[in-house]
Amino acid sequence: MIKATKNPQVEKLSFADPNLLKLLCGEHDRHLKLLEKLEQVRVKPWGNDLSISGEEAAVIKVGLLLRQLYGIMEKGWHLHHSDIGYAHRILSEDLHFDLARIFMDTVFISSKKRVITPKSIAQRHYIESMRHSDMVLAIGPAGTGKTYLAMAMAVSCLMEKKVQRIILTRPAVEAGERLGFLPGDLAEKVNPYLRPLYDALYDMVDMEKATALINKNLIEVAPLAFMRGRTLNDSFIILDEAQNTTSEQMKMFLTRLGFNSKAVVTGDITQIDLPNEKSSGLVEAEKILKKVDAVRIVHFSQVDVVRHPLVCDIIAAYASWNPEAKSNKAAK
């Protein structure tokens, strides 16, 4: 139970459980120090109280954040340092959002006993879309959890016997390189392009079990070209790096969907490696399918990045960079 008293620039929070308060503050108050950097407030612990001072809007936001996180911890949530940043980003986007809807929404518990949950509003929308729709397009920058959450949902469906197999596929298109120059047979040539899918899989399921599932053909990892001519029933299908599909490849893939199957298509349309004369199948599919009610399209942005905080800044910098505009301005 928490009691709060406010004035325009100071808020005092009182917490009933000193042990939970200690975890909320973090080791050496590292969680509070992060909040002070994010919002330019001062947060001072004193006994069972926290005093927040600063500009009114910042004080209100930090107070809401701390109250909500404490309430979630009362329900058994183990707070990580990274959760502070995720919570701050969510409330910066929507001050009235219920953080429990994010942090308490368990998608899957991995073999490493790590609870996989959404980390942003868009990620939660993505998970809900995968639960309730048979086809989802996830479009956004690297590091936003598109493939990882799709993999978690796929493994969860397989373990709960909602589907009989998982099919993971990617187009074998490379950034500035050619498959023909790589050594080995076809399988050895395409394996490097499928490696990120294997990495995500092994993060969900221990390697021995994953290998057994692959050997039993309950999990199949294959290049997109291998999907032609097939009808995929009772399957959870993930097409990764879909920005590098051609229009023909995308149509071929989308029409493979069989009965009791789900398809998730992920990609970053700012990182297309196709030759200039080829249009991206993902860009085209987004335009064509946006009026199909049964297809959900989820967009991510840099605020949804769950990698190193610097990745957000890099994505934002690239998004704002326009060399043509800068050169034209210099010419004037």
Side-chain angles (χ1 to χ4, degrees), residues 1-105 115 117-125 141 143-145 299-317 319-320:
M1 193 69 187
I2 308 169
K3 297 179 181 179
T5 56
K6 296 183 193 177
N7 65 43
Q9 292 184 323
V10 178
E11 181 172 11
K12 180 182 177 182
L13 301 178
S14 297
F15 299 84
D17 189 333
N19 293 320
L20 280 184
L21 175 57
K22 184 177 180 181
L23 294 173
L24 180 63
C25 295
E27 187 177 1
H28 303 302
D29 296 334
R30 65 195 298 252
H31 297 165
L32 303 183
K33 291 175 182 176
L34 175 57
L35 284 172
E36 289 179 338
K37 289 181 180 178
L38 292 171
E39 280 295 333
Q40 295 185 341
V41 294
R42 292 293 303 275
V43 186
K44 295 182 179 180
W46 185 264
N48 282 15
D49 298 339
L50 289 177
S51 174
I52 310 166
S53 59
E55 291 296 325
E56 182 178 8
V59 168
I60 290 172
K61 184 190 296 184
V62 172
L64 284 170
L65 185 151
L66 290 169
R67 286 198 298 271
Q68 287 204 53
L69 288 182
Y70 181 85
I72 294 169
M73 293 169 67
E74 285 185 310
K75 298 175 183 177
W77 177 257
H78 179 69
L79 186 67
H80 295 274
H81 186 62
S82 58
D83 293 335
I84 302 298
Y86 298 144
H88 176 262
R89 279 194 279 175
I90 292 166
L91 292 186
S92 295
E93 189 175 345
D94 182 353
L95 189 62
H96 303 290
F97 194 86
D98 181 5
L99 293 177
R101 293 171 59 194
I102 296 283
F103 289 98
M104 301 302 290
D105 185 1
V115 179
T117 66
K119 300 297 184 185
S120 69
I121 296 174
Q123 284 194 358
R124 186 179 186 280
H125 177 49
T144 50
H299 291 93
F300 295 90
S301 67
Q302 63 263 25
V303 301
D304 302 301
V305 170
V306 290
R307 292 179 181 171
H308 191 288
L310 183 58
V311 175
C312 294
D313 298 333
I314 291 171
I315 291 170
S320 63

Least distance between heavy atoms, [X] atom then [Y] atom:
X	Y	answer
Cys25	Pro45	SG-CB, 4.5 Å
Leu13	Arg67	CD2-NH1, 3.6 Å
Met104	Ile72	SD-CG2, 3.6 Å
Leu34	Gly85	CD2-N, 4.2 Å
Leu21	Phe15	CD1-CD1, 3.6 Å

Next on the checklist: More than 12 heavy atoms of other residues, nucleotides or ligands under 6.0 Å from CZ of Arg89: yes or no?
Outcome noted: yes
Checklist entry - Do Ile84 and Leu69 have side-chain heavy atoms sitting under 4.5 Å apart? => result yes
Checklist entry - Do you see a donor-acceptor pair shorter than 3.5 Å between the side chains of Asp304 and Ser120? => result yes
At what distance, to the nearest 0.5 angstrom, does [atom1] of [X] lie from [atom2] of [Y]?
X	Y	atom1	atom2	answer
Leu35	Ile52	CG	CD1	8.5 Å
Asp29	Leu24	CG	CG	10.0 Å
Lys119	Thr144	NZ	OG1	14.5 Å

[X]: which residues meet the side-chain contact (heavy atoms from CB on, under 4.5 Å) condition with it, sequence neighbours left out?
X	answer
Gln40	none
His88	Leu38, Glu39, Lys61, Leu65, Ser92
Leu20	Asp17, Leu23, Tyr70, Met73, Glu74

Checklist entry - With sequence neighbours left out, what residues match Asp49 under salt bridge (charged side-chain N to carboxylate O under 4.0 Å, His left out)? => result Lys12
Next on the checklist: Under a 3.5 Å distance rule, please check whether Glu11 uses its side chain to pair with a backbone N or O of Ile60 as donor and acceptor.
Outcome noted: no
Next on the checklist: Whether the side chain of Lys44 engages the backbone of Ser53 through a donor-acceptor N/O pair (distance < 3.5 Å, no angle test) should be reported.
Outcome noted: no
Checklist entry - Passes side chain to side chain contact (heavy atoms under 4.5 Å, CB included), Thr117 versus Trp77? Steps please. => result CA-CA 11 Å; Thr117 66; Trp77 177 257; 4.0 Å; yes
Item to check | Residues which pass ring-ring contact (aromatic ring centres under 6.0 Å, His included) with His81, listed by chain and number, not counting sequence neighbours | outcome: His31
Can I get a per-line list of side-chain donor-acceptor pairs under 3.5 Å for residues 94-103, giving both atom names and the distance, sequence neighbours left out?
{"residue": "Asp94", "atom": "OD1", "partner": "His96", "partner atom": "N", "Å": "3.1"}
{"residue": "Asp98", "atom": "OD1", "partner": "Ala100", "partner atom": "N", "Å": "3.1"}

